[in-house]
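Quick caveat: nothing in here was measured; it's all calculated off a predicted structure.
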Amino acid sequence: MGLLENIKEPNDIKQYDENDWQQLAYEIRQFLIKNISKTGGHLASNLGCVELTMALHLVLNLPEDKIIWDVGHQSYTHKILTGRQSGFEHLRQYGGMSGFPKRTESETDVFETGHSSTSISAAIGIAKAKELKGEDSAVVAVIGDGSFTGGLAYEALNNLSRLKSSCMIVLNDNEMSIDENVGGMSNYLNKIRVGQAYNEVKSGVEKGLLNIPAIGEPIAKIVKRGKDSIKGLLIPGMFFEDLGITYIGPIDGHDIGQLVDTFMAALKLKRPVVVHVKTVKGKGYKYAEKHPNYFHGVKPFDIQTGKVYDKQPKMTNTGVFGRKMIALGEIYPNLIGITAAMATGTGLDKFGNVYPDRFFDVGIAEQHAVTFAAGLATQGMIPVVAIYSSFLQRAYDQILHDVCLQKLHVVFAIDRSGLVGEDGATHQGIFDTGYLTGIPNMTVIAPKNRYELTKALEFAVEYDGPIAVKYSKGYAYYGLKEQLAPIEYGKSELLFSGKRIALIAVGNMVEEAYEVYETLKEEGVDITLVNARFIKPLDEEMLMKLATEHEIIITVEEHVYQGGYGEAVSAFYVNKGITHLTVKNIAIDDTFVEHGSVGELRSMLGIDKDGVLETIRRMM
């Protein structure tokens, strides 16, 4: 019987002594590889922090002590050690266990995460609350070096030293985010990594002095008082110590004994401490170690070969965007590609390979990416900012003030717009229409297929002003190739003319709507099908025409109703005083959508083909 089988509750790991730790770490890694190969998930990051997580669970007393996992996709070992092994059978699947910390799953999941750079701020809040309540339990934030490129982490560090109680920040340094880290913080950590000699020299000097009879101890104390200046010479920057935060490290993130000793010592200090832990992303599985990007978030795969079963041979929207950017880069020498630690995920890495001088990955810094683009635009450049829909939310203020207020020509390529599936509530791109269309001067296009996506990008690059092109994760829809009217500003596309009912679909929902149209046509029911294309501005001329020729208008979109296209259409008809018309909006209710496949989620939400058909038949 394996050691892992006896881990059923939080703190059960403490039944094992140091002689068992390596075996338990091995069993955890084998468990992760076996289960994630079946369900898919975040493999490399979890393999890299097995020992780190074990050490925390050995030192802390959960749930009284608190662990906050930045981003949270590296919390699988934490879930295993808190008795959730059975949940991995349905990890990230509809109705199954989340791939991120979830407060409803366990008391030991203290803070729900999914976006980066939040953990230190949350930890400070929790620690301050404990101070105010007179509680003496520990608070630990685990944050990756990639997340340290996010501005919120710096804001939190600026306030961390004000705490009067224990708060340990574990910097899990694997030199990776989704893509390789970039920028000044990455360079700073590189210098610290090679500064290990300082700790060894200091330790040796102190030991040597203490061995000198009579005078050794006083001299050692003098040297220790001067350690800040010595350390400043040997480790450039001393960033954390200059902020009033004790810094320890870097230490080997795969040496459980050293981790346990260091964590215990750090927590005894009763003040804010950063423990710098060096780990290997993907450790223990050769394919993940060699290709950590590929195994960051991986689909089900063959353990023996490391190859994904479903390679999705069809072209993705991301792939279409990446190829088109290269083509546009040849035509427009002032075209700039910008992303925020998502070069591969957005397809901009290909553009960067061809035009390295015109490609900028700014790290996990969406706010900077947008204002950086605004600055470029003032000088005649055409910046294309490619960021996932859910992450672009973080730069709302910059979009509003720095781009739209100045009417600057910045193109937003919004990947993962709509439901993204298994990553769950923190990643669903179902709010972008709402947060974009409420901003003056912004134009928003939602292409229906891969061909319209390329034309929309051409239009966006030529357009003079803020403009967003939003498209879904996954394969690029090939249907309706013959129906591709030239893109005119603010104009929708009439796909098929019918009677009584007009169905207006937005972006990736045109595919579902077309299947609805085909089904009804076979049943002898003719409806009108419209591709909204422009979410903002509304095609008022088209809407008025539909109102005069139909009794019922139905909109369908993969977005929440509040602030969505359908709500705008309904408001338009109300403001025009059109009362004879029945308007029905098919959209997502006022809710956060949990994880599951896109098909399962659409069905659950009633926005898939069957849901739309049911609505139409009921209204007929």
Side-chain angles (χ1 to χ4, degrees), residues 2-5 7 23-54 57 69-102 105-106 109 113-114 142 144 146 172 174 176-179 253-254 279-312 344-345 420-427 473-474 594-598 600:
L3 301 178
L4 194 55
E5 294 180 28
I7 305 291
Q23 176 61 28
L24 182 57
Y26 172 79
E27 290 183 19
I28 290 172
R29 282 199 170 86
Q30 294 309 302
F31 179 89
L32 289 170
I33 294 167
K34 177 183 175 182
N35 282 275
I36 297 173
S37 73
K38 297 175 183 176
T39 62
H42 291 94
L43 181 61
S45 53
N46 283 287
L47 291 176
C49 66
V50 170
E51 290 87 357
L52 186 161
T53 308
M54 288 175 59
H57 279 252
W69 301 92
D70 204 274
V71 183
H73 57 227
Q74 79 283 44
S75 61
Y76 291 7
T77 299
H78 167 75
K79 294 195 177 207
I80 292 170
L81 295 178
T82 50
R84 285 174 272 177
Q85 294 178 43
S86 61
F88 282 84
E89 184 177 352
H90 300 291
L91 177 70
R92 300 179 359 126
Q93 296 176 8
Y94 185 65
M97 187 170 69
S98 171
F100 295 87
K102 206 73 178 169
E105 281 184 13
S106 170
D109 288 4
T113 46
V142 182
N172 178 24
N174 57 29
M176 297 289 293
S177 48
I178 297 176
D179 289 311
H254 302 295
T279 60
V280 176
K281 193 168 184 178
K283 185 173 177 62
Y285 183 53
K286 63 181 180 180
Y287 298 113
E289 285 190 38
K290 188 175 181 180
H291 305 287
N293 283 0
Y294 186 78
F295 284 92
H296 173 78
V298 67
K299 292 183 179 295
F301 62 94
D302 181 347
I303 295 175
Q304 298 304 315
T305 65
K307 294 181 179 179
V308 169
Y309 293 121
D310 177 15
K311 289 192 175 181
Q312 200 174 29
T344 304
V420 298
E422 291 79 3
D423 280 336
T426 57
H427 285 59
K473 178 183 180 182
E594 297 301 332
H595 52 279
S597 70
V598 171
E600 288 171 327

Check your understanding: Closest heavy-atom contact between Glu289 and Gly282?
Key -> CG-O, 3.1 Å
Check your understanding: Would you say the side chain of Phe88 lies within less than 4.5 Å of the side chain of Met97, judging by non-hydrogen atoms?
Key -> yes
Exercise for review: To the nearest 0.5 Å, tell me how far Glu594 CD sits from Asp423 CG.
Suggested key: 12.0 Å
Check your understanding: If you measure from NZ on Lys281 to CG on Asn46, what distance do you get to the nearest 0.5 Å?
Key -> 10.0 Å
Point to revise | Check ion pair Glu27-Lys34 (N to O, under 4.0 angstrom) | key: no
Check your understanding: Hey, does Thr53 have a side-chain heavy atom less than 4.5 Å from the side chain of Val142?
Key -> no
Check your understanding: Are the side chain of Gln23 and the backbone N or O of Leu3 linked by a donor-acceptor pair below 3.5 Å?
Key -> no
Practice item. For the residue pair Tyr76 and Leu91, establish whether any side-chain heavy-atom pair is separated by less than 4.5 Å. Key: yes
Check your understanding: Hey, would you say the His595 and Phe100 ring centroids sit under 6.0 Å apart?
Key -> no
Review point. Given Arg29 and Tyr285, is the side-chain contact (heavy atoms from CB on, under 4.5 Å) satisfied, shown in steps?
Key: CA-CA 8 Å; Arg29 282 199 170 86; Tyr285 183 53; over 6 Å; no
Exercise for review: Sort out for me which residue in Arg84, His78, Lys79 forms a side-chain hydrogen bond (donor to acceptor under 3.5 Å, both in side chains) with Thr82.
Suggested key: Arg84
Review point. Is Glu89 atom CD crowded by more than 12 heavy atoms from other residues, nucleotides or ligands, each under 6.0 Å away?
Key: no
Check your understanding: Are any of the side-chain heavy atoms of Glu422 and Ser597 separated by less than 4.5 Å?
Key -> yes
Check your understanding: What are the two closest heavy atoms between Lys102 and Ala425, and how far apart are they?
Key -> NZ-CB, 4.5 Å
Review point. Is there side-chain contact between Thr113 and Thr426, with at least one heavy-atom pair below 4.5 Å?
Key: no
Point to revise | Heavy-atom closest pair, residues Thr279 and His254 | key: CA-NE2, 3.5 Å
Review point. Distance from Ser37 atom OG to Tyr309 atom OH, nearest 0.5 Å?
Key: 6.0 Å
Exercise for review: Indicate the ring-plane relationship of His42 and His73, choosing parallel, tilted or perpendicular according to the 30° and 60° boundaries.
Suggested key: parallel
Exercise for review: Would you give the length of the straight line joining atom CZ of Phe31 to atom CD of Glu5, rounded to the nearest 0.5 angstrom?
Suggested key: 11.0 Å
Exercise for review: Go through Lys473 and Val598 one step at a time and tell me if the side-chain contact (heavy atoms from CB on, under 4.5 Å) criterion holds.
Suggested key: CA-CA 10 Å; Lys473 178 183 180 182; Val598 171; over 6 Å; no
Practice item. Hey, could you give me the CG/OG distance between Leu43 and Ser45, rounded to the nearest 0.5 Å? Key: 7.5 Å
Review point. Do Leu52 and Asn172 have side-chain heavy atoms sitting under 4.5 Å apart?
Key: yes
Practice item. Looking only at non-hydrogen atoms, find the nearest pair between Ile33 and Gly284 and report the distance. Key: CD1-O, 4.2 Å
Practice item. For Ser75 and Pro101, work out which heavy atoms get closest and say how close. Key: OG-CD, 3.7 Å
Check your understanding: So Phe295 and Ile36, side-chain contact (heavy atoms from CB on, under 4.5 Å) or not? Walk me through it.
Key -> CA-CA 10 Å; Phe295 284 92; Ile36 297 173; over 6 Å; no
Practice item. Report yes if the side chains of Val50 and Tyr26 come closer than 4.5 Å at any heavy-atom pair, otherwise no. Key: no
Point to revise | Spacing of CD1 belonging to Ile80 relative to CD belonging to Gln85, to within rounding of 0.5 Å | key: 6.5 Å
Exercise for review: Please name the pair of heavy atoms, one in Gln304 and one in Asp302, separated by the smallest distance, quoted to 0.1 Å.
Suggested key: N-OD1, 3.0 Å
Check your understanding: Taking the side chain as C-beta and beyond, is there a heavy-atom pair between His90 and Thr39 under 4.5 Å?
Key -> no
Exercise for review: Assess the pair Tyr287 and Phe301: is the distance between their ring centroids shorter than 6.0 Å?
Suggested key: no
